[in-house]
Amino acid sequence: MKRGIPILLATDFSAHAERAAHRALELAGRYQARLSVLHAVEEPVRYDQFYDPVIPDRLDADAALYDAAVERLRKLLEHIGAPADIRQLVLTGSPKSVILGYAEDQQVDLIVAGRHGRSGIQQLLGSTANALVHKARCEVLTVPLRV
């Protein structure tokens, strides 16, 4: 890998993602890469009994979800001993779309994400890591919880 490459860590705050965070930090240090850490807050859609979207309380709930994600991201980076200059992002939308879109826009060379190791029907339903592996235009490193 060439030095100074952009690496993107995609996190969902799971144990798998924490292990991936350690790996991304290690790679960034080894190759003097620019590391960005991204969490996508999926917008929950609430419906009434007629399956019409319910909007009134949504803004407060969305702000609370966003604020909680920002705090969890800060704590994760503190926990793994990340330097203060790492770019931290919390974006709203489908995790697959947000991560792939950011990686494309920022011309990321490597995406690092945790892998849950699902199989069977869970894999058919699709995971974020699976989507990244198959749809990203850059390299993707999926990190299992245990090796």
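Contact between P144 and R19 at its shortest, heavy atoms only, is O-CD, 3.1 Å. Considering every non-hydrogen atom in both A33 and I7, the closest pair reads CB-CD1, 3.5 Å. Minimum interatomic distance between V41 and Y66 (heavy atoms only, all atoms of both residues): CG2-CA, 4.4 Å. The shortest non-hydrogen separation linking S36 to Y102 is OG-OH, 3.4 Å. Here the closest non-hydrogen pair linking L141 and R23 is CD2-CG, 3.9 Å. Smallest separation of non-hydrogen atoms from G114 and A129: O-CB, 3.7 Å.
At distances below 3.5 Å, not a single donor-acceptor pair connects side-chain atoms of R34 with backbone N or O atoms of I5. Looking only at distances, a side-chain donor or acceptor of H134 sits under 3.5 Å from a matching main-chain atom of N130. A donor-acceptor distance shorter than 3.5 angstrom exists from the side chain of H39 to the backbone of T11, with no hydrogens or angles considered.
Rounded to the nearest 0.5 Å, atoms CZ (R87) and CG (L8) are 10.0 Å apart. Atom SG in C138 sits 12.0 Å away from atom CD in Q106 (nearest 0.5 Å).
Cluster membership for V70 and L89, using ILVMFWY side-chain heavy atoms within less than 4.5 angstrom, is not shared. Neither V140 nor V143 shares a network with the other; the hydrophobic side chains, linked directly or stepwise wherever heavy atoms of I, L, V, M, F, W or Y lie under 4.5 Å apart, form separate groups for each. Note on F13 and I80: same hydrophobic cluster, where clusters join Ile, Leu, Val, Met, Phe, Trp and Tyr whose side-chain heavy atoms are under 4.5 Å apart, directly or indirectly.
Looking at heavy atoms from C-beta onward, I86 lies in side-chain contact with L25 at the 4.5 angstrom threshold. Using a 4.5 Å cut-off on side-chain heavy atoms (C-beta onward), L110 and P6 make no contact.
Looking at R115 and T142, their side chains do bring a donor and an acceptor atom within 3.5 Å of each other.
Each of I111, L38, L27, V37 was compared with L9 under the side-chain contact (heavy atoms from CB on, under 4.5 Å) criterion, and only V37 meets it.
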* **Pair H79-E18, side chain to side chain donor-acceptor pair (under 3.5 Å): steps then yes or no** => CA-CA 9 Å; H79 175 71; E18 183 177 333; 2.8 Å; yes

* Can you check side chain to side chain contact (heavy atoms under 4.5 Å, CB included) on I99 and L132, steps first, answer last? -> CA-CA 8 Å; I99 296 163; L132 298 177; 3.4 Å; yes

* Asked: Can you check side chain to side chain contact (heavy atoms under 4.5 Å, CB included) on L77 and Q88, steps first, answer last?
  -> CA-CA 9 Å; L77 295 176; Q88 303 173 40; 3.2 Å; yes

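Salt-bridge check for R74 with E71: passed, with a basic side-chain N closer than 4.0 Å to an acidic carboxylate O.
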